[in-house]
Every structure is written in C-alpha cells, then in structure tokens.
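A short write-up of the structure that comes next.
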Amino acid sequence: MTAASGPASIDRLARSIARCRACRLHEGRTHAVPGEGPPHPEAMLIGEAPGEQEDLLARPFVGPSGRVLDALFQECSLSREDLFITSSVKCRPPKNRNPKTDELATCKATWLDAQISALDPPLVLLLGSVALRCVLGPIGRMKDLHGSVHSYRHRHLLITYHPSAALRFPWARRAMQQDLALLTDMLSSNPSDRASGRE
Ligand code: URA
Ligand code: SF4
C-alpha cells in the first residue's frame with residue numbers, strides 16, 4: 001500500500017470535494033456528493049452527476065436512479081456495502097443538464113483520478129455515456145460498448161448503461177441486468193489482489 005492510498009486519503013478527498021470551487025457547478029449546489037463506500041471496495045461505480053435528492057442529502061444514487069440500481073444489485077447478488085459509488089462530477093448541474101466537457105475534465109483531473117488512486121479498486125464500472133466519455137473519451141456508442149471489458153490503469157473496467165435508462169426502457173434494464181451479472185462473475189472469479197501493485 002502506498003502512502004497515498006487507504007481510508008485516510010479517501011476521507012480527506014471527500015472533505016476537500018465538499019469545499020471545491022474548481023468549476024462553475026459549485027455555484028448551484030446544496031452539497032457536493034463525493035461518493036461513498038468502503039476504503040477498499042470490490043468495485044468502483046462511476047455515474048454521471050448528482051440529481052436533486054443526492055444534492056440535498058450529499059449521498060450518491062439515493063433518488064429514482066438509486067432505487068433502480070439497488071433493485072438491480074439485489075437481482076445480481078451485489079451489495080452496495082461492497083462497492084464505492086460516485087459520479088463523474090460531484091456537484092449537481094443546473095436543472096440536471098448534462099455536465100459540460102470542461103466540467104467533466106476539471107472534476108476528473110481534480111478528484112476522480114485521485115479517488116481511483118486512493119481506492120485502488122480491482123474493477124471499475126462505468127454507468128452511462130457521460131461516465132464513458134469522461135473516463136475513456138469518445139471511443140464509441142453505449143449500445144455497442146455496454147457489456148464490454150477494458151483495461152484501465154492496470155485494472156478491469158466494465159461498461160453499462162446509466163440506471164436512468166433502465167428506469168425508462170425495459171430493454172436497458174435487461175441489458176444492465178446482464179452487465180451486472182457479468183460484474184458479479186468477474187468479482188467472484190477475480191478476488192481482489194491488493195499486492196499486485198496496481199496504480
Ligand atoms: N445519477 C448519477 O449519475 N449519480 C447520482 O448520484 C445520482 C443520479
Ligand atoms: Fe469541484 Fe467537481 Fe464540484 Fe466542479 S463539479 S466544483 S470540480 S467538485
């Protein structure tokens with residue numbers, strides 16, 4: 001374990017995120033939402049941006065998208081307690097508009113990259129096309145890429161839809177169910193190996 005990893009570091013990041021003013025999204029927030037989960041999660045989930053409920057409670061995925069995500073976790077035998085859940089930007093965009101490219105770049109460079117280093121998750125799950133663009137860039141469309149596994153900073157990365165799509169479209173819910181079942185398989189066949197020196 002490096003000096004920069006571990007619980008102290010992820011907690012310190014959360015306290016700094018709460019005060020961040022690095023992009024214009026701080027102007028409209030009630031609370032920043034750093035994310036939550038164990039300091040050594042089995043996987044790290046990255047969504048899009050906090051919504052109304054998240055902004056009020058300072059917790060990730062506690063609104064309608066969170067409820068569908070919790071239902072999918074249950075169907076796929078995943079527990080929220082084993083996962084670190086966050087979003088691409090930590091502050092709610094005005095009227096839930098999509099985060100802009102510069103906001104995504106600033107929040108990733110300032111916080112998301114540091115969170116990935118501190119948590120050192122064996123697996124990253126991208127939820128939706130905004131997280132996909134934020135983390136991997138414009139590599140393709142969600143309908144072609146969901147369910148695919150990539151290598152990202154010496155760890156596995158899996159792509160799926162955003163739960164808000166599952167909320168609206170039964171086909172997206174079915175696709176997410178398959179992708180999360182794959183995540184469950186990967187977690188059971190690849191127990192995390194903290195001595196592997198991942199970055
Ligand atoms: N959507 C996200 O991407 N993140 C949240 O925390 C809530 C909804
Ligand atoms: Fe800072 Fe990210 Fe919030 Fe922008 S969205 S103010 S970079 S925490």
Side-chain angles (χ1 to χ4, degrees), residues 9-38 41 43-73 78 80-119 121 124-136 142 145-146 157-169 172-173 175-176 179-180 183:
S9 158
I10 194 73
D11 288 351
R12 202 162 46 231
L13 287 170
R15 286 195 293 276
S16 302
I17 290 168
R19 297 189 303 267
C20 176
R21 294 171 155 238
C23 85
R24 67 181 81 75
L25 291 181
H26 80 273
E27 292 166 10
R29 75 181 174 217
T30 311
H31 297 104
V33 186
E36 62 188 30
M44 176 180 190
L45 276 58
I46 304 174
E48 178 177 327
E52 185 181 17
Q53 291 300 310
E54 291 81 13
D55 172 72
L56 289 174
L57 298 173
R59 296 187 57 207
F61 283 102
V62 288
S65 288
R67 282 193 285 282
V68 75
L69 195 58
D70 283 336
L72 285 160
F73 286 162
L78 290 161
R80 202 187 246 252
E81 298 76 60
D82 298 329
L83 310 168
F84 190 93
I85 307 180
T86 189
S87 299
S88 300
V89 295
K90 315 304 187 195
C91 303
R92 182 191 182 195
K95 298 185 184 154
N96 294 345
R97 67 156 167 79
N98 281 351
K100 296 180 195 274
T101 304
D102 63 320
E103 296 158 355
L104 288 166
T106 301
C107 207
K108 177 174 185 285
T110 316
W111 304 119
L112 188 64
D113 287 341
Q115 287 182 309
I116 295 171
S117 295
L119 294 166
V124 171
L125 178 69
L126 301 182
L127 297 167
S129 52
V130 169
L132 172 62
R133 190 158 46 88
C134 176
V135 174
L136 294 185
M142 181 54 67
L145 289 171
H146 85 88
L157 178 150
L158 175 64
I159 297 171
T160 194
Y161 288 93
H162 192 277
S164 62
L167 208 52
R168 283 180 297 159
F169 306 113
R173 195 185 196 289
M176 274 195 88
D179 298 343
L180 290 177
L183 178 73

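Counting convention: from 1, in listed order, for ligands and their atoms alike.
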inquiry  = Could you report the tightest heavy-atom contact between P99 and R133, atom names first, then the distance?
reply    = O-NH2, 4.4 Å
request  = Compare all side-chain heavy atoms of H146 with those of L158 and state whether any distance is below 4.5 angstrom.
outcome  = no
Cut-off under 2.8 Å, centre atom 3 (Fe) of ligand 2, protein N/O/S atoms = C91 SG
key: Sequence neighbours excluded, every pair satisfying ring-ring contact (aromatic ring centres under 6.0 Å, His included) that has a member inside residues 43-63   = F61-H162
ask   = Is a side-chain donor or acceptor of T86 paired with a backbone partner of P34 at a separation under 3.5 angstrom?
value = yes
key: Exceeds 12 heavy-atom contacts within 6.0 angstrom, atom CZ of R21   = no
inquiry  = Could you check whether Q115 and K90, counting side-chain N and O atoms only, form a donor-acceptor pair closer than 3.5 Å?
reply    = yes
query = Are any side-chain N or O atoms of D55 and backbone N or O atoms of T30, one a donor and one an acceptor, separated by less than 3.5 Å?
reply = yes
query = Distance-only, no hydrogens or angles: does the T160 side chain make a donor-acceptor pair with backbone N or O of D179 under 3.5 Å?
reply = no
query = What residues come within 4.0 Å of ligand 1, counting heavy atoms only?
reply = G47, E48, A49, E54, P60, F61, S87, H162
query = Mind checking what makes side chain to side chain donor-acceptor pair (under 3.5 Å) contact with R24, not counting sequence neighbours?
reply = D102, E103
